[in-house]
Amino acid sequence: MRVELAKVFVQGMEQQRHFNERIIKFESKQKRLNSKINNLTKTVKQGGTN
């Protein structure tokens, strides 16, 4: 019984780790998008790409 519980626990930890990795990737993509949006906003405020 304890071995089974340990296996389930380890599987849960693995899934959590994969989930965390996906969140980190998503956050870095989000940061890149935000900086692109900021740059576009600055360009528009300056009146185009002169």
Side-chain angles (χ1 to χ4, degrees):
M1 184 67 184
R2 284 184 178 170
V3 173
E4 290 301 312
L5 281 176
K7 284 180 183 175
V8 169
F9 181 74
V10 169
Q11 284 175 344
M13 294 293 283
E14 282 290 306
Q15 286 176 344
Q16 185 67 42
R17 189 171 57 83
H18 289 305
F19 184 67
N20 288 346
E21 288 170 1
R22 291 214 306 266
I23 288 177
I24 290 168
K25 285 179 187 172
F26 176 77
E27 286 175 344
S28 67
K29 285 181 183 176
Q30 192 73 24
K31 284 178 187 171
R32 283 200 301 271
L33 275 176
N34 284 344
S35 68
K36 285 181 181 178
I37 289 171
N38 288 341
N39 289 339
L40 279 173
T41 305
K42 287 177 190 170
T43 303
V44 169
K45 284 182 180 173
Q46 291 169 356
T49 56
N50 298 357

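We're numbering straight along the sequence, starting at 1.
K7 pairs in a side chain to side chain contact (heavy atoms under 4.5 Å, CB included) with only one of the listed residues (L5, V3, V10), which is V3.
Residue R22 holds its CZ atom at 12.0 Å from CD1 of I24, rounded to the nearest 0.5 Å. If you take CG on N34 and CD on E27, they are separated by 11.5 Å, rounding to the nearest 0.5 Å. Rounding to the nearest 0.5 Å gives a distance of 13.0 Å between NZ of K42 and CD1 of I37.
We find that R17 and E21 are joined by a salt bridge, their nearest charged nitrogen and carboxylate oxygen being less than 4.0 Å apart.
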Legend entry - E4 and V8: CA distance, side-chain angles, deciding distance, side chain to side chain contact (heavy atoms under 4.5 Å, CB included) verdict: CA-CA 6 Å; E4 290 301 312; V8 169; 5.6 Å; no

